[in-house]
Every structure is written in structure tokens, then in C-alpha cells.
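Since the structure is predicted, the reported quantities are computational estimates derived from the model, not experimental observations. Numbers restart at 1 for each chain; the letters A, B, ... are given by sequence-line order, proteins then strands.
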Number of protein chains: 2
Amino acid sequence: MVDDGGEGLAVLATPYLVFLGDCVEPGYAKTAFGLRDWAGDKCVGEYRLPAATVSTGLPAMSPAEAKARGARSMVIGIANSGGKIPPAWVTALEEALAVGLDLVSGMHAKLADIPALQQAAERYGRRLVDIRKPPESLEVGTGRKRSGKRLLTVGTDCALGKKYTALAISRALADRGVDCAFRASGQTGIMIAGSGVAFDSVVVDFAAGAAEALSPDAAPDHWDVIEGQGSLFHPAYAGVSMALLHGSQPDVFVVCHDPARDCVLGNAGFPLPDIAEVIDMTIRLGSRTNPAIRCGGVALNTSSLDEDAARALMQRESERLGLPVCDPLRGGAEFEHLLDSCLAL
Amino acid sequence: MVDDGGEGLAVLATPYLVFLGDCVEPGYAKTAFGLRDWAGDKCVGEYRLPAATVSTGLPAMSPAEAKARGARSMVIGIANSGGKIPPAWVTALEEALAVGLDLVSGMHAKLADIPALQQAAERYGRRLVDIRKPPESLEVGTGRKRSGKRLLTVGTDCALGKKYTALAISRALADRGVDCAFRASGQTGIMIAGSGVAFDSVVVDFAAGAAEALSPDAAPDHWDVIEGQGSLFHPAYAGVSMALLHGSQPDVFVVCHDPARDCVLGNAGFPLPDIAEVIDMTIRLGSRTNPAIRCGGVALNTSSLDEDAARALMQRESERLGLPVCDPLRGGAEFEHLLDSCLAL
């Protein structure tokens with residue numbers, strides 16, 4: 001059901017109405033908050049059921065009001081445990097279809113598997129966009145060098161800031177007047193970007209090809225800032241990271257790390273690699289498809305530290321590694337140095 | 001339709017009747033010849049249409065005769081260009097179902113997409129086994145160390161002998177009385193082994209987990225000899241190789257190389273890595289899930305050389321690399337040295 005733009009890319013109809021369902025737990029609304037924070041220009045408002053207590057602060061409105069203000073999709077901003085679509089949501093989801101909005105979901109359960117939604121989508125001529133559905137029409141990778149410039153975020157582990165680092169870099173480059181685009185490789189990123197490839201549902205033989213499709217040929221001065229996935233040192237996901245590295249053929253990469261973490265998330269038997277080891281391995285493997293690959297710096301997720309401790313750690317790590325080290329979400333001079341380093345020829 | 005043994009493994013019903021269709025081109029019958037050469041004990045005979053000129057030399061018989069001799073599946077031994085199932089085969093395929101045989105296919109076109117076969121399978125209670133169909137019930141990898149010993153074939157490229165090297169090593173180890181099993185990661189290998197995981201259809205997030213399922217816990221002295229895929233230096237398939245390496249957690253690997261090849265097959269822009277580079281990278285990456293990983297030696301595909309040139313090359317490469325170098329299909333002392341090296345503690 002996903003418009004794949006001929007290259008396996010999911011392409012969503014924007015702007016969005018953000019659906020919060022009957023959510024009472026802010027932790028389940030991360031997608032909604034991410035959309036507000038990183039794609040506010042794509043969000044006309046939010047729609048909640050009466051039982052909901054969580055709000056993004058976006059203007060509250062009905063699907064009909066959102067449609068009148070230009071919305072083209074209603075996006076489910078909730079990721080509840082289990083990934084199921086509660087029966088209590090279905091009437092509201094049908095309502096959105098009825099007024100002419102597409103439905104977009106990144107949940108495990110598929111919109112298309114709910115007969116009432118499937119029938120409503122057909123009746124009203126709207127799309128049910130399940131972002132986790134494997135993309136179609138992907139090609140095997142070729143390794144062909146593409147025009148334009150590319151930055152990839154890589155990591156010492158999963159789930160420590162690769163998406164937010166790419167978003168922050170992309171936004172900051174745009175603020176500097178650089179022609180750039182955020183390229184999404186995960187569900188939330190795709191909703192924020194409005195398009196992308198859900199890497200976790202790609203068949204492995206096509207994974208590098210999917211990464212190639214994600215950052216196509218571009219103008220010589222254009223930068224694609226690509227959301228990384230996994231880690232080359234992750235026992236389950238190194239293949240994902242390898243394919244994304246080869247297919248992205250980055251000119252520059254930024255290593256993301258959480259100093260509070262010392263083992264692979266959920267897998268205490270695997271100590272995290274040192275940042276220097278990640279840099280070395282990424283250059284060695286990435287040079288296969290881009291011999292000019294280099295490290296632009298390091299992004300630390302310092303959310304576990306206070307401001308002084310965070311700045312002191314950035315300073316120490318920067319001296320140790322000989323590279324700019326920042327926390328993109330804290331910004332500051334360190335982040336500007338990282339951007340300078342990434343853009344340097 | 002594939003019995004997945006609860007772990008995503010395809011499990012085929014053996015022994016087989018090998019189907020040659022109306023084949024007149026031996027090049028299309030590689031699967032049939034592979035079954036004859038490497039799984040002769042699983043093949044009761046061959047079945048050909050009158051137009052066929054190619055034969056495996058296995059006893060010719062009808063599906064009914066094969067069933068009477070214990071056959072449980074008819075395997076399509078042909079890979080024609082395009083991967084389509086010709087209409088001329090359908091009656092013969094229905095005949096096999098009617099006498100009580102499963103059908104097994106590794107072709108791109110799916111048996112289950114042919115209505116006449118789907119109906120016959122239902123009517124006679126048989127399975128249509130499309131080996132390229134993505135396995136179900138796979139788990140994400142854990143990196144947990146498993147009991148038993150593992151050997152993985154890796155390569156400087158695709159399609160240069162990783163499957164045949166693993167088969168030859170597995171057979172030779174069995175001849176030495178070693179408790180061992182060939183573990184298949186591709187379509188032809190799965191038919192030969194009677195089970196396995198078709199790696200090229202696994203979703204990338206589950207690829208390492210699929211490799212873990214392929215070589216489960218075993219007795220301490222048991223060896224799993226695992227068919228490799230792709231190459232860590234292949235611009236399209238390095239992610240496949242990475243996941244298979246991490247998930248297989250091999251104690252020993254054997255590097256497969258074709259000395260007649262200097263570029264990645266079908267991709268002249270990518271020179272093949274040196275064997276020493278493959279050894280170094282495989283140890284560096286593989287040590288993440290098995291710190292004791294080591295190289296057992298090198299298997300050259302010397303089919304382009306005469307006997308003297310082949311033996312001279314093995315000698316030179318063995319001296320250069322300080323490892324046993326052989327051609328498993330030529331056998332001889334070099335191959336025995338490689339086996340000794342793989343088994344050495």
C-alpha cells in the first residue's frame with residue numbers, strides 16, 4: 001500500500017494530523033513528540049480520543065478540520081506495547097479515511113489487516129500506509145559512485161541517538177544555508193522525513209541496494225544526511241549496518257555513543273566497542289564503496305549527565321580522539337565544530 | 001508452505017525423485033547434477049519428459065515408481081533462464097502430487113502461484129515447497145555462544161565455490177569418522193542437505209538470527225560445516241556475509257577464491273580483495289561472536305588451470321600465506337592438510 005516512488009521508497013502524503021488515540025502514557029507517544037519536534041512544519045494538529053491525557057501541544061482538531069487546513073494523512077503517533085491497533089481507535093481511523101485522509105502507521109499490526117479499515121480505504125479511495133511493510137521494487141546494490149555528498153550516522157550500539165543526530169545535523173546544515181536532506185531508514189524517521197526506506201523490513205540481499213535508493217544522485221553540493229541503523233559491532237544487526245554503510249557510500253560519518261552505556265543494549269555479554277574502534281572499522285569497511293570516507297566527529301548522548309559533566313566529557317573525548325565531540329541536542333560551540341568538520345573538504 | 005521446524009529452517013521430505021522436465025541444456029540442470037553428486041543417497045531416481053535429452057544417470061522412473069521405492073518429494077532439478085515453471089511441466093508436477101509426493105522448487109516462480117498445483121496439493125494433502133519463500137518464525141540474533149564446533153566457508157567474491165567447498169569438507173570429515181553436518185544457506189544447498197535457511201530471502205534484521213538457527217547447539221565434538229554466502233568485500237552482499245559470519249560464530253573458516261577472477265563478478269569497478277585481506281577482516285569481525293576464530297586454510301577453484309599449474313599455484317599460495325591451500329574438488333595431500341588444519345585445536 002506504500003507508494004514506493006519506483007525505487008522502494010515509502011512516500012507519505014504530507015502534512016499530517018497526528019493521532020494520539022486514548023494514550024495516557026507519554027512514553028508511548030514518542031513518535032508523536034518526534035513529529036512535533038522534528039517535523040512541526042508537516043503537522044497541522046493533533047487528534048485525541050476523549051480518554052487521552054497525553055498531548056503534543058499541537059492544535060487539537062478533528063480529521064475534518066485537519067483536512068480543511070490541508071492535511072493529507074493522519075499518522076498514528078503512538079507505539080503501545082505489543083504494537084496492536086486497539087478496537088477503540090477504529091472508528092476514529094475510519095473517520096479520517098472518510099474525510100479524505102490517508103492513514104499512516106508504523107505499528108507492528110497492519111492497518112490493512114483490519115477489514116473495516118480496508119473497506120473504508122477502498123470506499124473513500126484513500127491509502128493505508130503500513131511503514132513496516134517490506135518495500136517492493138528494490139534492486140540489488142551496484143556500488144556505483146553517485147553524485148552529491150553524503151553523511152551517515154553510525155553508532156557503538158542501537159538506540160542511542162543516530163536518528164536525532166542526523167536530524168540535528170540536517171537542521172543545522174539547513175540553517176547554515178546548505179542544500180541538504182534528512183534521509184530516513186526507520187519508521188519514525190520516515191514519518192518525520194515524509195519518505196524513506198524501513199530498513200528493518202528489507203530482505204538482506206537487497207539491503208545495500210535499498211541504501212543506494214535512499215540517497216540517489218544529487219547536485220554536487222547537496223548533502224544527504226542519512227539516519228544510521230544498528231552497529232557494526234552488534235551481534236544481531238551488524239549486517240544491517242554493513243549494508244547501510246556500503247550502500248550509503250558516505251563521504252563523512254559521525255559516530256554516535258551513549259557514555260552511560262557499557263554493554264550492547266539488552267545483551268550484557270557484549271561490551272560496547274571503543275569509539276576509536278568504530279571509527280577505524282567504519283573507515284576500513286566504508287572505503288570499499290567510497291575510498292574518501294572520513295570521520296567528521298562524535299555525537300555523545302549526554303542525557304544522563306549534567307551540563308558541566310557533559311561539557312567536560314566532550315572536551316576529554318575530543319582531546320583523546322583528535323576530533324570534534326559534541327551533543328547535538330545540547331548544541332553549542334562543540335556542535336558547530338562538528339558541523340565545520342563535516343563540511344570541510 | 002515450508003515446514004520450518006519452529007526455527008525458520010526449511011525441512012524437506014527425503015528421499016527425492018529428481019525432475020528434469022524437458023531439459024535439453026545441461027547448463028540448466030546444475031541443481032540436478034548437484035543432487036546426484038552430493039546427495040546421491042537422497043535420490044531414488046530421475047523423471048524426464050519425452051522431449052528431454054539431459055540425464056543425471058540416476059535410474060529413470062515415474063512418480064508412482066519413485067513413491068513405491070520410498071521417495072517423499074519430487075524436486076525440480078532445473079534452473080532455466082527466467083526462473084519460470086513452463087506449462088508443459090504442470091501435468092507431470094500434478095502427477096507427482098497425485099501419487100503422494102511433495103513438490104520442491106528453488107525457482108523464482110512459486111509453485112503455489114500455479115492454481116492447478118495449489119488445487120492438486122490440497123486435494124492430495126501434499127506440500128508445495130518453494131525454497132525461495134522467506135522463512136517464517138525467525139528470531140533476532142542473540143550472539144549467545146552455542147555448544148559444538150563450526151566451520152564457515154567465506155570468499156573473496158560470490159559464486160566461486162563456497163558451497164562445494166563446504167560439501168567437500170563435510171564429506172571428507174565424515175569419511176574420517178568425524179560427527180559432522182553440512183548446513184545449507186542457499187537453495188541448491190538446502191535441496192542437497194534436505195534442510196537449511198534460504199539466506200537470500202531473509203529480512204535483514206533477522207539475518208544473524210537465521211544463521212544462529214542454522215547451526216544450533218550440538219555435541220561438543222560435532223562439526224557443523226556451514227555454506228557461506230557473498231563476501232565481506234562485495235558492494236551488494238557484504239551485509240549478508242557479515243550476518244552469516246556473526247550468527248555462525250565459526251571456530252574455523254576456509255577462504256574460497258577463484259584465481260582466474262580479479263574483479264567482483266559482474267562488477268568490474270571492484271577488484272577482488274587479496275586472500276590475506278579476507279583472512280584479516282574475517283578474524284577481526286568474526287571475533288565479535290567467537291574470539292577463538294581462526295583460518296583453517298584456503299580453497300582455490302582451479303577449474304581454469306591444468307593439474308600442474310593448479311598444484312604449483314597451491315604451493316606458492318600456501319608458502320605466501322603460511323596456511324594449507326588446496327582445491328577440494330581435486331583432493332590430494334593439500335586437501336588433507338587443510339582438513340588437518342581445520343580440526344587442529
Decide whether A:Q229 and B:D205 meet the rule of one side-chain donor and one side-chain acceptor closer than 3.5 Å.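 A:Q229 vs B:D205: no donor-acceptor pair found between side chains.
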Does B:D157 offer a backbone N or O that forms a donor-acceptor pair with the side chain of B:K162 under 3.5 Å?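 At least one qualifying donor-acceptor pair exists.
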Verify the neighbour count for atom NZ of A:K145: are there more than 12 heavy atoms of other residues, nucleotides or ligands below 6.0 Å?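 Above 12, so yes.
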Going through the checks in order, is the side chain to side chain donor-acceptor pair (under 3.5 Å) test met by A:S215 and A:R183? CA-CA 7 Å; A:S215 66; A:R183 297 296 187 181; over 6 Å; no
Electrostatic pair A:R320-A:D274, nearest N-O below 4.0 angstrom: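 Result for this pair is yes, salt bridge flagged.
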Close side-chain approach of [X] and [Y], heavy atoms under 4.5 Å:
{"X": "B:K110", "Y": "B:R132", "value": "yes"}
{"X": "B:V140", "Y": "B:F206", "value": "yes"}
{"X": "A:R261", "Y": "A:T156", "value": "no"}
{"X": "B:V255", "Y": "B:L323", "value": "no"}

Heavy-atom cut-off 4.5 Å, strictly under: side chain, backbone, both or neither for A:D200 against chain B?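 Backbone plus side chain of A:D200, per the 4.5 Å heavy-atom cut-off to chain B.
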Reference residue A:D217; test side chain to side chain donor-acceptor pair (under 3.5 Å); the match among A:H222, A:R146, A:R144: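 So, applying the side chain to side chain donor-acceptor pair (under 3.5 Å) to A:D217 and each of A:H222, A:R146, A:R144, only A:R144 qualifies.
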Proximal to chain A - members of residues 277-293 of chain B, heavy-atom separation under 4.5 Å: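 The residues closer than 4.5 Å to chain A, in numerical order, are B:E277, B:D280, B:M281, B:R284, B:L285, B:R288, B:T289.
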Anything in residues 236-249 of chain B with a heavy-atom distance to chain A below 4.5 Å? Please list those residues in order.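 Counting heavy atoms that sit under 4.5 Å from chain A, the residues of residues 236-249 of chain B involved are B:A236, B:Y237, B:A238, B:G239, B:V240, B:M242, B:A243, B:H246.
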